[in-house]
Amino acid sequence: MAARKRAAATTDATNPEPTTNAQDQPAPTTDPPIAPPKSGLILKLCLFFSLPYFYLIFYQYNIGSELKRPILINAGLSLAGFFLTQKIIPVASRYVLRRNLFGFDINKKGTPQGTVKVPESLGIVVGIVFLVLAILFQYFNFTADSIWLVEYNAALSSICFMILLGFVDDVLDVPWRVKLLLPSIAALPLLMAYAGHTSIIIPKPLIPYVGREVWDLGWMYKLYMGLLAVFCTNSINIHAGLNGLEVGQTVVIAFAILIHNLMQIGASADPEYKQAHAFSIYLVQPLLATSLALFSYNWYPSSVFVGDTYTYFAGMTMAVVGILGHFSETLLIFFAPQVLNFLLSVPQLFGFVKCPRHRLPRFDPQTGLLIGTNDGTLVNFFLRLFGKMSEKSLCAKLLIFQAIGCCLCFLLRYFLTGWYK
C-alpha cells in the first residue's frame, strides 16, 4: 500500500475517447520516459554497505573457502542483477503505462507532480530478476543430491507464488481480509518441504519454570512459520505511504540480515549451522542488490511505484531466510518498527476504529509539508511527534529509525549471549 491513487479503473470513464478498432490505433511511440535513477545516492549506499561486508568476510573472520567461494559467486550474480534491474525498469514502465497500470502520488496532490502518471507494480521486475539469479546460482553451488536443494527450491516456489499473488492484488485490488490469507497460501510449498528441526531452545532464565532446555513444538512450529510469513509480508505492506519507504526499509533489514549471517558463520564451528546461515545469504544478497536498483527509481521523487507485488515479495523473502536460517527471533527484532506500526494499526485493522482506504498524512500544497492525522500508523505517529515535515525528510527519519532498531538488535545479541541462551 503506497502513497498513490490507482487510476486504471477510472481513466476511461473520466476521459472518454471515440471507440475505434485496435487495428486502427497507431502504436504508441512517444511514451514519456521516466526520470533517470538516482545513481549518486545508490553509489553512496553501496560504498557504505560494502565496507562492513568486505571487512567481515575478508578480515574479521576466517571463513572457509567452501563457503566463501559460493558467497562471492552469489555476490557477483547479485551485482549483475543490480544492473539488469536498472535497465529493465524503464522498459517495463512503458509497458505498464500502456496497460493503464499507473497511479497518482497522493502526497503531491495539488502540485504539478501530483498530476503525473507514475507507472505501477514495478516490483514485478525485481521479483523476476531475483528468481532468475536464485535459479542460476544453483548451477554453481548445489548438486543433484544436495540436502539443501529441496528446501531451496521450495523457498523459491513460495517467493514465486507470492510475487504472482502480489501482482494479482495490484491488478484486481483484492479486499484487505483476502490479503491476510495470501501469504498463508504462498508459504505452503516451504512448509510442506521443510525438514529441519521443530524444536526451540528455552531461554536460560525460563528453564526452571519450563523444566527443560529444549522443547519440540512439532506441528506448532510449522504453524509459527506460517504466521511469521503472514506477518512479514503484511507488515511491509502496511508500513508504507511515502516515496522510497517500502524499498528503503527492505534494504535496511536485508543488509542487517546479511551482516548477521556473516557474523554467525564466522563465530560458529558447527558446519550445519554455518550452512544454514550461508543458505540465508544466498537469498538475501540478490534481494538487497535488486532492491537497491528499484530504490534508485523509487526514492523521492518517485518515478515508479513498487506496488503490492514488491512488498509481498520482499516480506516473503525475508521470512524465508529467517525460517531456513533459524534466526526468526532475531528477524522479529529487525522488524521492530514494523511491529510497532502493526500495534498502532490494530484498532483500525480489526475494525474497532473506522479505517479509511488510505491512512496517509495530509499534504499541504501551500507549504509542501505533510501533516499527521489520527490514523494509527508509524508515519502519522512520527508527524504528530516531531511536527510537520517534507515527505523526503520524513522517509529519511523513518529509515534511520529502522537502522537504529537493527543496531539495537545487534547490541541485544551481544549483551544477552550467554545469559539469555
Side-chain angles (χ1 to χ4, degrees), residues 1-6 103-111 113-114 118 120 169 173 175-177 179-180 231-253 295 298-302 305-308 310-312 314-315 332-406 408:
M1 185 171 65
R4 64 187 185 270
K5 180 180 180 181
R6 291 193 179 108
F104 299 107
D105 199 327
I106 298 177
N107 285 337
K108 298 178 182 64
K109 188 176 182 181
T111 67
Q113 285 182 317
V118 183
E120 179 69 275
D169 184 20
D173 202 12
W176 175 249
R177 60 183 179 274
K179 292 183 181 184
L180 290 175
F231 171 77
C232 289
T233 51
N234 284 289
S235 65
I236 296 291
N237 191 41
I238 65 175
H239 185 37
L242 303 175
N243 290 174
L245 182 57
E246 298 99 318
V247 190
Q249 63 186 296
T250 301
V251 167
V252 173
I253 298 173
F295 190 64
N298 187 240
W299 179 244
Y300 182 94
S302 290
F305 286 146
V306 301
D308 292 338
Y310 178 79
T311 58
Y312 286 164
L332 285 176
I333 303 177
F334 286 150
F335 271 75
Q338 286 72 25
V339 173
L340 177 57
N341 183 67
F342 172 74
L343 295 176
L344 291 170
S345 302
V346 163
Q348 289 183 316
L349 294 180
F350 290 92
F352 303 118
V353 179
K354 183 178 179 181
C355 183
R357 176 175 175 78
H358 295 292
R359 301 184 301 153
L360 298 174
R362 184 167 61 86
F363 176 70
D364 184 359
Q366 301 299 322
T367 62
L369 302 178
L370 297 177
I371 303 171
T373 67
N374 291 324
D375 290 314
T377 64
L378 193 58
V379 171
N380 284 301
F381 177 77
F382 261 57
L383 288 171
R384 293 196 298 266
L385 184 64
F386 298 108
K388 56 186 179 181
M389 64 185 79
S390 67
E391 182 178 2
K392 185 177 181 179
S393 297
L394 177 58
C395 186
K397 286 182 171 61
L398 287 167
L399 294 183
I400 291 172
F401 181 64
Q402 184 80 57
I404 291 173
C406 293
L408 287 176

Peer 1: Using every non-hydrogen atom in the two residues, find where E246 and Y310 come nearest and quote the distance to one decimal.
Peer 2: O-CE2, 4.0 Å
Peer 1: List the steps and the verdict of side-chain contact (heavy atoms from CB on, under 4.5 Å) for N234 and F342.
Peer 2: CA-CA 9 Å; N234 284 289; F342 172 74; over 6 Å; no
Peer 1: With no hydrogens and no angle check, just 3.5 Å: does a side-chain donor-acceptor pair link T377 and D375?
Peer 2: no
Peer 1: Which heavy atom of P365 sits nearest a heavy atom of G110, and at what distance?
Peer 2: CB-O, 4.1 Å
Peer 1: Looking at CD of Q113 and OG of S302, how far apart are the two atoms once the value is rounded to the nearest 0.5 Å?
Peer 2: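 Output value for this atom pair is 10.0 Å.
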Peer 1: Would you compute the distance between atom OG of S235 and atom CD1 of I253 and round it to the nearest 0.5 angstrom?
Peer 2: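 Here the rounded value is 7.0 Å.
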Peer 1: Is there a side-chain contact between T250 and F295 (heavy atoms, below 4.5 Å)?
Peer 2: no
Peer 1: To the closest 0.5 Å, what do you measure between CG (L370) and CZ (R362)?
Peer 2: 10.0 Å
Peer 1: Could you check whether any side-chain N or O of N380 sits under 3.5 Å from a backbone N or O of G372, counting only pairs where one atom can act as donor and the other as acceptor?
Peer 2: no
Peer 1: Once rounded to the nearest 0.5 Å, what's the spacing between atom SG of C395 and atom CE of M389?
Peer 2: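 So the SG of C395 and the CE of M389 are separated by 11.5 Å.
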Peer 1: Can you measure from CG (N243) to CD (E391) and round to the nearest 0.5 angstrom?
Peer 2: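 Reported to 0.5 Å precision, the distance equals 4.0 Å.
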Peer 1: With side chains defined as the heavy atoms from C-beta onward, is the minimum distance between Q348 and P356 less than 4.5 Å?
Peer 2: yes
Peer 1: Flag the pair V353 / N374 as yes when at least one side-chain heavy-atom distance between them is below 4.5 Å, and no otherwise.
Peer 2: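 No, side chains not in contact.
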Peer 1: Working to the nearest 0.5 angstrom, can you tell me the gap between N237 CG and D169 CG?
Peer 2: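 Atom-to-atom, N237:CG and D169:CG are 7.0 Å apart.
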Peer 1: Considering residues at least two apart in sequence or located in another chain, which fulfil the salt bridge (charged side-chain N to carboxylate O under 4.0 Å, His left out) criterion with K388?
Peer 2: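 Not a single residue meets the salt bridge (charged side-chain N to carboxylate O under 4.0 Å, His left out) criterion with K388.
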Peer 1: Run L369 and F363 through side-chain contact (heavy atoms from CB on, under 4.5 Å) and show every step you take.
Peer 2: CA-CA 6 Å; L369 302 178; F363 176 70; over 6 Å; no
Peer 1: Minimum heavy-atom separation for G241 to L360, with atom names?
Peer 2: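 Scanning both residues completely, I find the closest heavy atoms to be CA-CD2, 3.5 Å.
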Peer 1: Tell me, please, which residues at least two apart from L398 pass side chain to side chain contact (heavy atoms under 4.5 Å, CB included).
Peer 2: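 If we apply the side chain to side chain contact (heavy atoms under 4.5 Å, CB included) test to L398, skipping adjacent residues, the hits are H239, L242, L245, L378, V379, F382, L394.
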Peer 1: Within a strict 4.5 Å, meaning less than it, do heavy atoms of the F335 and I236 side chains meet?
Peer 2: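 In contact.
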Peer 1: Are any side-chain N or O atoms of T111 and backbone N or O atoms of K108, one a donor and one an acceptor, separated by less than 3.5 Å?
Peer 2: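 The answer is yes, because a donor-acceptor pair under 3.5 Å joins these two groups.
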Peer 1: Would you say that F334 contacts V252 through its side chain, given a criterion of any heavy-atom pair below 4.5 Å between the two side chains?
Peer 2: no
Peer 1: Donor-acceptor check, side chain of Q402 to backbone of P337, threshold 3.5 angstrom: yes or no?
Peer 2: no
